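Have a look at the structure below before the remarks.
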Protein chains: 2
Amino acid sequence: MPHKSASVKTIPDIVVGRLPFYLRTLRALAAEGREITSSSDLGNRLGLTSAQIRKDLSYFGEFGKQGLGYNIPFLVDQLRRILKVDRVWEVVLVGFGDLGRAIAHYHGFHDRGFEIRMVFDSDPAKIGQSLAGFTVDDMNAMVEKVRAAKVRVAMLAVPATSAQKVADLLIKGGVRAILNYAPTTLNVPKGVAVQNIDPAAHMQHMTYYLEP
Amino acid sequence: MPHKSASVKTIPDIVVGRLPFYLRTLRALAAEGREITSSSDLGNRLGLTSAQIRKDLSYFGEFGKQGLGYNIPFLVDQLRRILKVDRVWEVVLVGFGDLGRAIAHYHGFHDRGFEIRMVFDSDPAKIGQSLAGFTVDDMNAMVEKVRAAKVRVAMLAVPATSAQKVADLLIKGGVRAILNYAPTTLNVPKGVAVQNIDPAAHMQHMTYYLEP
DNA sequence: CAGTGTGAAGAGGTTCACAGCG
DNA sequence: CGCTGTGAACCTCTTCACACTG
């Protein structure tokens, strides 16, 4: 990995994490036929301050026009380019239990840059099944097949007890981004991104604030 | 709402948000039969520093023993009490499409403090269905039924276009915590908690770091 | 002497406020 | 004149480092 160039300021991860929400909101505006928006309009819709929106976007360039605001289709294009979703990423899904099947059926990924192309499970009863247009493959073949297809993005929907082992295999096969649905913390080497989905954790976060 | 008492220091929301992960990890340790852990052990498993763990826990009390560490079953009990999941919360699920059905089938909520007790949808074709032990009810009856049952926690799995309307109804019925699966930002009054689940947003966060 | 609990220092993120431009 | 882009101020969160204790 090349060392940081002095001319490129590093962008805070927390800023990158907000961009998908900006993009989501801008696309909803575009769908309503809007052409122009402003940092305060976006801020209101996103529950953020206008200053934060302007500051975040300014890390990547000057996308607005003073006195006018932002051109929505233009900003959508810029964000898609920045997030590298101006293309479709092939995704490998591991685990075809209830959760994996639900993910496979979910239609929300496609127009946001992702297409599930391979599904693996270790359960002989599931291997060979072809619900939802996928054929479930044997996990013993996973490393090789993932490597051969150069897939770099995975969704992990296996039990917590096997999640780390499976993650290690995925990384061995060349995967560099893992969306982890298993309720456990993954240990991964530098250069591999992990994002966690744990609905129950979100629920517990909220109950803290409820009266008993 | 009573004004803040001077003697109670306010706990940062970001700290509260980490507690469910501490609890999750501690329960995994307990399941392995472990009795004792330390801030550095927990930190390693969670990908955090030991100082952060100690500091976070210190907001709520002195749970450890110097020179020894933390008693796992004791700390589990404390966190369950703090997060108010030393009880089971009744949950209303709205939306019985692919996503809602998947949530209804998901077994991960039960032993973390949540039980789905009511399901609503507005589609006449779905009302009356009783997959997975739930009978889908008419959304027109939702406000009254939620109010009558005093349900305060909801999961929202409706299309983005109707999410705000449905959220408003839930709040009218007395709901104070909403897990929002719809890919849109909800506007809610003070006193209502919202947590968002958007897997595609997480994916886009990660692709930013991938090489093209 | 291992490991907690915690003030203080440091790092990082957000908001302010205004110059500058269309 | 409205709204962006941005240094500077402000605030919040994290890490340090050490007194203290079982």
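Fair warning: this is a prediction, and the values are worked out from it, not measured in the lab. Numbered from 1 within each chain, the chains take letters A, B, ... in sequence-line order.
Rounding to the nearest 0.5 Å gives a distance of 4.0 Å between CD1 of A:I103 and CG of A:L99.
Sorted by residue number, the members of residues 61-78 of chain B with any non-hydrogen atom under 4.0 Å from DNA chain D read B:Q66. Proximity of residues 34-49 of chain A to DNA chain C (heavy atom under 4.0 angstrom from any strand atom) is restricted to A:T49.
Here the closest non-hydrogen pair linking B:G191 and B:R176 is O-CD, 3.6 Å. Minimum heavy-atom separation, A:R24 to B:T184: NH2-C, 3.1 Å. Contact between A:V158 and A:A182 at its shortest, heavy atoms only, is O-CB, 3.4 Å.
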Show each protein N/O and nucleotides 10-13 of chain C N/O combination with a separation under 3.5 Å, one pair to a line.
none

Derivation of the side chain to side chain donor-acceptor pair (under 3.5 Å) call for A:R45 and A:T25: CA-CA 8 Å; A:R45 288 173 189 263; A:T25 303; over 6 Å; no
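Partners of A:D123 according to the salt bridge (Lys or Arg N to Asp or Glu O under 4.0 Å) rule, which considers only residues two or more places apart in sequence or in another chain, are A:K126. Taking B:A200 as the reference, A:F109, A:R112, B:D198 meet the side-chain contact (heavy atoms from CB on, under 4.5 Å) condition, with sequence neighbours excluded. Residues passing the salt bridge (Lys or Arg N to Asp or Glu O under 4.0 Å) test with B:R18 are B:D56, sequence neighbours excluded. When the side-chain contact (heavy atoms from CB on, under 4.5 Å) test is applied to A:Y209, the partners found at least two apart in sequence or on another chain are A:H205, B:D13, B:V16. For B:R27, the salt bridge (Lys or Arg N to Asp or Glu O under 4.0 Å) criterion is met by B:D111, not counting sequence neighbours. In terms of the salt bridge (Lys or Arg N to Asp or Glu O under 4.0 Å) criterion, residue partners of A:E90 (sequence neighbours excluded) are, by chain and number, A:R117.
Atom CZ of A:R54 is separated from atom P of C:dA19 by 15 Å (rounded to the nearest Å). Between the CD1 atom of B:I53 and the C1' atom of C:dT6 there is a distance of 16 Å, rounded to whole Å.
First and last contacting nucleotides of DNA chain D toward chain A (any atom under 4.0 angstrom from a heavy atom, 5' to 3' order): D:dG2 to D:dA8.
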Which pairs would a plain distance check flag for residues 142-157 of chain A, meaning a side-chain donor or acceptor within less than 3.5 Å of a matching protein atom at least two apart in sequence or in another chain?
| from | atom 1 | to | atom 2 | distance (Å) |
| --- | --- | --- | --- | --- |
| A:K145 | NZ | A:D137 | OD1 | 3.4 |
| A:K145 | NZ | A:D137 | OD2 | 3.0 |
| A:R147 | NH1 | A:K172 | O | 3.3 |
| A:R152 | NH1 | B:E211 | O | 3.1 |
| A:R152 | NH2 | B:P212 | O | 3.1 |

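Screening residues 59-86 of chain B for salt bridge (charged side-chain N to carboxylate O under 4.0 Å, His left out) gives no qualifying pairs among residues at least two apart or on separate chains.
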